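What follows is one structure encoded as structure tokens, with my remarks underneath.
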Amino acid sequence: MAEAEEAKVEGTNEEQRAGAEAEEEEEVDVKFRLFDGSDIGPVRCNAATTTVAALKDRVVADWPKDKSIVPKTANDVKLISGGKILENDKNIAQCRAPFGDLPSTAITMHVVVQPSSAKSKPDKKANKLPKTTRCSCTIL
């Protein structure tokens, strides 16, 4: 009986290793949906080794020249997949939504461009608010 349990554990370990190897070698297609509904891609990449930062670099490099809004750097780009803003240090496998046994199709990531110059400008209305340092109260 101990031999049967050992064989069962070894089989489980082999299945886990095979699953991990399949995940490491898994190639996926990723396409990027731009603000006007057009797409970049699909781009073929390894799900376990390709990071979100690398995808952002690819988006900036492949950006169509005829668009009115153009990101200057990868920091100007946000990628959204499954309703979540993706973090630069994560890889595609960590960001994918678990869809179960759906047929593999291209993963669509939405691209939002937020130029860095817009982030650093202070809000003019906030600066025009009067500053009050006195308190007026009536004591009866």
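The residues of the chain are indexed from 1 along the displayed sequence. Computed from a predicted structure; not experimentally measured.
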side-chain contact (heavy atoms from CB on, under 4.5 Å) partners of Thr51, counting only residues at least two apart: Ala53, Ala54
Candidates Leu79, Val77, Thr108, Asp39 - the one meeting side chain to side chain contact (heavy atoms under 4.5 Å, CB included) with Phe32: Leu79
Salt bridge (Lys or Arg N to Asp or Glu O under 4.0 Å) against Asp36, all qualifying residues, sequence neighbours excluded: Lys67
Contacts of type side-chain contact (heavy atoms from CB on, under 4.5 Å), residue Val70, not counting sequence neighbours: Trp63
Thr49 OG1 to Glu27 CD distance, which is reported to the nearest 0.5 Å: 7.5 Å
Thr73 vs Val60 side-chain heavy atoms within contact, under 4.5 Å: no
Gap separating the CG atom of Leu86 from the NE2 atom of His110, nearest 0.5 angstrom: 11.0 Å
Whichever hydrophobic residues join Ile80 through chains of side-chain contacts under 4.5 Å: Ile85, Val112
Heavy-atom side-chain proximity of Cys95 to Ile107 below 4.5 angstrom: no
Residues in salt bridge (Lys or Arg N to Asp or Glu O under 4.0 Å) contact with Lys90, at least two apart in sequence or another chain: none
Distance (rounded to the nearest 0.5 Å) between Arg33 CZ and Ile40 CD1: 11.5 Å
Heavy-atom pair of closest approach, residues Lys31 and Gly41: CB-C, 4.4 Å
Sequence neighbours excluded, every pair satisfying salt bridge (charged side-chain N to carboxylate O under 4.0 Å, His left out) that has a member inside residues 40-61: Asp29-Arg44, Arg58-Asp62
pair Leu55-Ile92: side-chain heavy atoms closer than 4.5 Å: yes
Donor-acceptor under 3.5 Å (Asn91 side chain, Ala48 main chain): yes
